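Please read the structure below before turning to the comments.
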Amino acid sequence: SDEKRYVCHLCLKAFHTATLLHNHVNVHTGTRPYKCNDCDMAFVTSGELSRHRRYKHTLEKPFKCSVCKYSSVEASKMRRHIRSHTGERPYACDLCSYASKDAYKLKRHMITHSENNLPLSIPPLSMTDRIEYN
DNA sequence: ATTCGTTAGCGCCCCCTGCTGGG
DNA sequence: CCCAGCAGGGGGCGCTAACGAAT
C-alpha cells in the first residue's frame, strides 16, 4: 500500500520505508555515513555522495546538450540550460511582467517588489492589475 | 523481508558576469 | 566614468521517492 507507516519521532514526518525514515533521522542527527574518499565531505545518502563525486572528482557529466557544448551532472540542470536556448520562461511574477527561466531567479526578483524596494521599482501595471501601494 | 545503490526529481542558495541607469 | 541594482547562466548541495539488486 502507499501508507506511510514509518514516522519520525523527532518531527512526526512519515515515510513509506524504514530506509527513508532512517535517512531522514540522519538529517536530524547530522549523521553522514557516506564519506568521500577524495575530500572531507560526507553525506546522508549514497546518492548525494555519488553526485558530489561527479561534481568535484570524476567530473562525469552524463547529460549533453544537443544544441551546444554544454553538459551537466544533473538532468534538472540540463532542463534549465535548455531554456536558455528555447527562451521558455515558466516562472511568472504575479506583480509585474517579469518571467524567469529559473524558479530561484523569480524568488530573487521578488525582492525587488519588497517594501524597501517599492519606491525604486514600481512595476509596469496593466489595467487588470490590482495592486495597492500604501 | 530488509537494506543498499542508483536514478530521478524537486528545491535552495551561491557565484560570476553583463547590462543599464543615475550620480 | 564609476557604482549600484538587477537579471542571466550555471555550480553545488539538501532532501525525498521509486525501484531493482543484493543481503
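The chains referred to below are lettered A, B, ... by the order of the sequence lines, with proteins before strands, and numbering in each begins at 1. Because the structure is a prediction, the values reported are computed rather than measured.
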Test of understanding: with side-chain hydrogen bond (donor to acceptor under 3.5 Å, both in side chains), list the residues that count as partners of [X], not counting sequence neighbours.
X	value
A/Glu48	A/Thr45
A/Tyr98	none
A/Thr86	none
A/Asn26	none

Query raised in the report: Under 3.5 Å, is there an N or O donor on one side and an acceptor on the other linking the side chain of A/Arg51 and the base of C/dG14?
Result: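 Such a pair exists between side chain and base.
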
Query raised in the report: On a plain distance test, is the side chain of A/Lys77 in donor-acceptor contact with the base of C/dG12 below 3.5 Å?
Result: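 Flag set: donor-acceptor pair detected.
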
Among [options], the one nearest [X] by side-chain distance:
X	options	answer
A/Ser84	C/dG10, C/dG12, B/dC10	C/dG10
A/His109	C/dG10, C/dA7, B/dC10	C/dA7
A/Glu74	C/dC13, C/dG10, C/dG8	C/dC13
A/Phe43	C/dG11, B/dC10, C/dG14	C/dG14
A/Arg54	B/dT7, C/dC13, C/dG11	B/dT7
A/Thr112	C/dC6, B/dG9, B/dT3	C/dC6

State which residues pass ring-ring contact (aromatic ring centres under 6.0 Å, His included) with [X]; sequence neighbours excluded, sorted by chain then number.
X	answer
A/Phe43	A/His52
A/Phe15	A/His24
A/His22	none

In whole Å, I'd like the distance from the [atom1] atom of [X] to the [atom2] atom of [N].
X	N	atom1	atom2	value
A/Arg53	B/dT7	CZ	C1'	18 Å
A/Ile111	C/dA4	CD1	P	18 Å
A/Lys13	C/dT16	NZ	C1'	7 Å
A/Arg89	C/dG9	CZ	C1'	12 Å
A/Leu21	B/dT3	CG	C1'	14 Å
A/Met41	C/dG11	CE	P	17 Å

Query raised in the report: With a 4.0 Å cut-off on heavy atoms, is A/Arg32 in touch with a base, just the backbone sugar-phosphate, or nothing at all?
Result: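 Sugar-phosphate contact only - A/Arg32 comes under 4.0 Å of backbone atoms but never of a base.
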
Report task. Tell me what A/Ala103 touches on the nucleic acid: a base, only sugar-phosphate, or nothing, going by heavy atoms under 4.0 Å. Result ->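 No contact.
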
**Report entry** Main-chain N/O of A/Leu10 paired with A/Lys13 side-chain donor or acceptor, under 3.5 Å
**Finding:**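 Side chain of A/Lys13 to backbone of A/Leu10: no pair is present.
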
Nucleotide N/O of nucleotides 18-23 of chain C paired with protein N/O under 3.5 Å:
from	atom 1	to	atom 2	distance (Å)
C/dA18	OP2	A/His16	ND1	3.1

Query raised in the report: Roughly how far apart are A/His109 NE2 and A/Leu95 CG, rounded to 0.5 Å?
Result: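 These two atoms lie 7.0 Å from each other.
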
Query - Spatial distance of atom CG (A/Leu49) from atom CE (A/Met41) [nearest 0.5 Å] - result: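 Here the rounded value is 9.5 Å.
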
Are any protein N/O atoms closer than 3.5 Å to N/O atoms in nucleotides 13-15 of chain B? If there are, list each pair with its distance.
from	atom 1	to	atom 2	distance (Å)
B/dC13	OP2	A/Lys107	NZ	2.9

Query raised in the report: Going by side-chain heavy atoms closer than 4.5 Å, which hydrophobic residues are tied to A/Tyr70, directly or by a chain of links?
Result: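 Once heavy-atom contacts under 4.5 Å are chained together, A/Tyr70 belongs with A/Phe63, A/Met78, A/Ile82.
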
Query raised in the report: Other than A/Val7, what residues sit in its cluster of Ile, Leu, Val, Met, Phe, Trp and Tyr side chains whose heavy atoms are under 4.5 Å apart, directly or through others?
Result: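 Members alongside A/Val7: A/Leu12.
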
Give me, pair by pair, the N or O atoms of the protein and of nucleotides 4-6 of chain B that are less than 3.5 Å apart, along with how far apart they are.
from	atom 1	to	atom 2	distance (Å)
B/dG5	OP2	A/Tyr34	OH	3.0

